[in-house]
Amino acid sequence: MTISGLLLSLINLQCYEAELFMQAAKLLANLIVIGGGIMTRAFVQAYRQALSNASRNGVAQETIQNTIRRSSKGMTQQEARQILGVTEETSWEEIVKKYGSLFENNTKNGSFYLQSKVHRAKECLEAVHQGKNPGTPC
């Protein structure tokens with residue numbers, strides 16, 4: 001065998017390896033696509049089954065009602081007191097002082113979200129202090 005024959009054999013071997021690599025890549029891509037399809041169908045089927053079970057048990061209706069109830073009632077007095085860091089025995093003047101300091105701190109270097117929570121907490125406790133809705137959510 002000559003050098004040119006060896007080089008030709010080496011080139012053929014490299015072409016064969018490249019072809020095998022391409023076939024392996026195609027096979028892997030097909031497996032990924034097929035596996036993804038199977039997983040998607042399984043997920044959809046499981047989700048449908050979960051919805052079916054939930055509707056049979058009334059869980060879905062209860063969840064919807066709880067969500068509506070929570071969004072409509074806003075903040076509870078307990079939440080408002082926790083946000084402002086006060087107790088039920090805290091005087092209205094102390095609540096206003098706490099509100100003022102927390103509101104100002106969040107104005108300078110806090111977030112608008114926290115500032116709005118502090119404001120809503122004060123509004124809630126203010127309604128309780130003025131005698132509106134005592135013992136109920138704000």
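Note that the numbering runs from 1 along the sequence shown for the chain. Keep in mind that what you see is a predicted model, and the values were worked out from it rather than measured.
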Parallel, tilted or perpendicular, as decided by the 30° and 60° cut-offs, for the rings of His129 and Trp92: parallel
Contacts of type side chain to side chain contact (heavy atoms under 4.5 Å, CB included), residue Gln23, not counting sequence neighbours: Glu19, Leu20
Expected output: side-chain Arg120 to main-chain Ser116 donor-acceptor under 3.5 Å: no
Any donor-acceptor N/O pair, Glu94 side chain to Ser91 backbone, under 3.5 Å: no
Between CD on residue Gln82 and CD on residue Gln78, distance to nearest 0.5 Å: 5.0 Å
Non-neighbouring partners of Gln115 that pass side chain to side chain contact (heavy atoms under 4.5 Å, CB included), sequence neighbours left out: Phe103, Asn106, Thr107, Phe112
Side chain to side chain, Lys117 and Met75, heavy atoms closer than 4.5 Å: yes
Minimum side-chain heavy-atom gap Val86-Leu125 below 4.5 Å: yes
Arg81 side-chain N/O to Thr87 backbone N/O, donor-acceptor pair under 3.5 Å: yes
Least distance between heavy atoms, Leu102 atom then Ile83 atom: CD1-O, 3.7 Å
Connected hydrophobic set around Met39, excluding itself, where side chains approach under 4.5 Å: none
